[in-house]
Novice: 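I'd like to ask you about the structure that follows.
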Amino acid sequence: MCKVIEDMRQEERAEATKAEKNKAALRMITDGALALEKIAEYAGLPLDEVKKLQTEQGA
């Protein structure tokens with residue numbers, strides 16, 4: 001049972017971390033001062049994910 005709970009906690013932490021990275025990337029995209037490649041590098045996200053966020057933001 002403890003393994004299941006620990007796995008759930010790890011998954012929640014990973015999701016929270018990804019959400020924070022996405023939030024940071026969105027702020028940088030909105031600012032418009034950086035190239036998408038730099039945003040991906042600074043936020044620790046794949047370039048494809050940053051491009052997807054940019055597309056979703058523009059929609």
Side-chain angles (χ1 to χ4, degrees):
M1 186 61 120
C2 289
K3 174 74 172 133
V4 172
I5 293 171
E6 183 58 35
D7 288 347
M8 288 172 55
R9 286 182 180 160
Q10 256 184 335
E11 187 176 320
E12 287 174 358
R13 277 182 250 147
E15 288 175 13
T17 299
K18 184 177 181 190
E20 286 300 315
K21 288 180 178 184
N22 286 352
K23 222 167 121 176
L26 280 171
R27 286 194 307 267
M28 288 184 261
I29 290 168
T30 301
D31 184 47
L34 296 171
L36 295 181
E37 292 81 5
K38 282 295 181 187
I39 294 172
E41 179 183 337
Y42 295 157
L45 293 169
L47 181 56
D48 290 341
E49 182 71 23
V50 175
K51 287 180 180 179
K52 180 180 169 190
L53 289 170
Q54 182 187 40
T55 301
E56 290 172 355
Q57 183 192 26

Novice: Would you mind checking if D48 and K52 are paired as a salt bridge, meaning a charged N to carboxylate O distance below 4.0 Å?
Specialist: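 Judged by the 4.0 Å cut-off on N to carboxylate O distance, K52 and D48 do not form a salt bridge.
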Novice: Who are the salt bridge (charged side-chain N to carboxylate O under 4.0 Å, His left out) partners of K38, not counting sequence neighbours?
Specialist: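 In terms of salt bridge (charged side-chain N to carboxylate O under 4.0 Å, His left out), with neighbours along the sequence ignored, K38 is linked to E41.
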Novice: Going by the side-chain contact (heavy atoms from CB on, under 4.5 Å) test, name the single residue among L53, V50, D31, L26 that passes it with I39.
Specialist: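 Only one of L53, V50, D31, L26 forms a side-chain contact (heavy atoms from CB on, under 4.5 Å) with I39, namely V50.
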Novice: Does R13 form a salt bridge (Lys or Arg N to Asp or Glu O under 4.0 Å) with E6? I'd like the steps, not just the answer.
Specialist: CA-CA 11 Å; R13 277 182 250 147; E6 183 58 35; 3.4 Å; yes
Novice: Roughly how far, to the nearest 0.5 Å, is NZ of K51 from CG of L36?
Specialist: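 Here the rounded value is 7.0 Å.
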Novice: Could you report the tightest heavy-atom contact between K21 and G44, atom names first, then the distance?
Specialist: NZ-O, 3.5 Å
Novice: Taking only residues two or more places apart in sequence, or in another chain, which ones meet R9 in a side-chain hydrogen bond (donor to acceptor under 3.5 Å, both in side chains)?
Specialist: none
Novice: How far does CD of Q54 sit from CE of M28, to the nearest 0.5 angstrom?
Specialist: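 Reported to 0.5 Å precision, the distance equals 13.0 Å.
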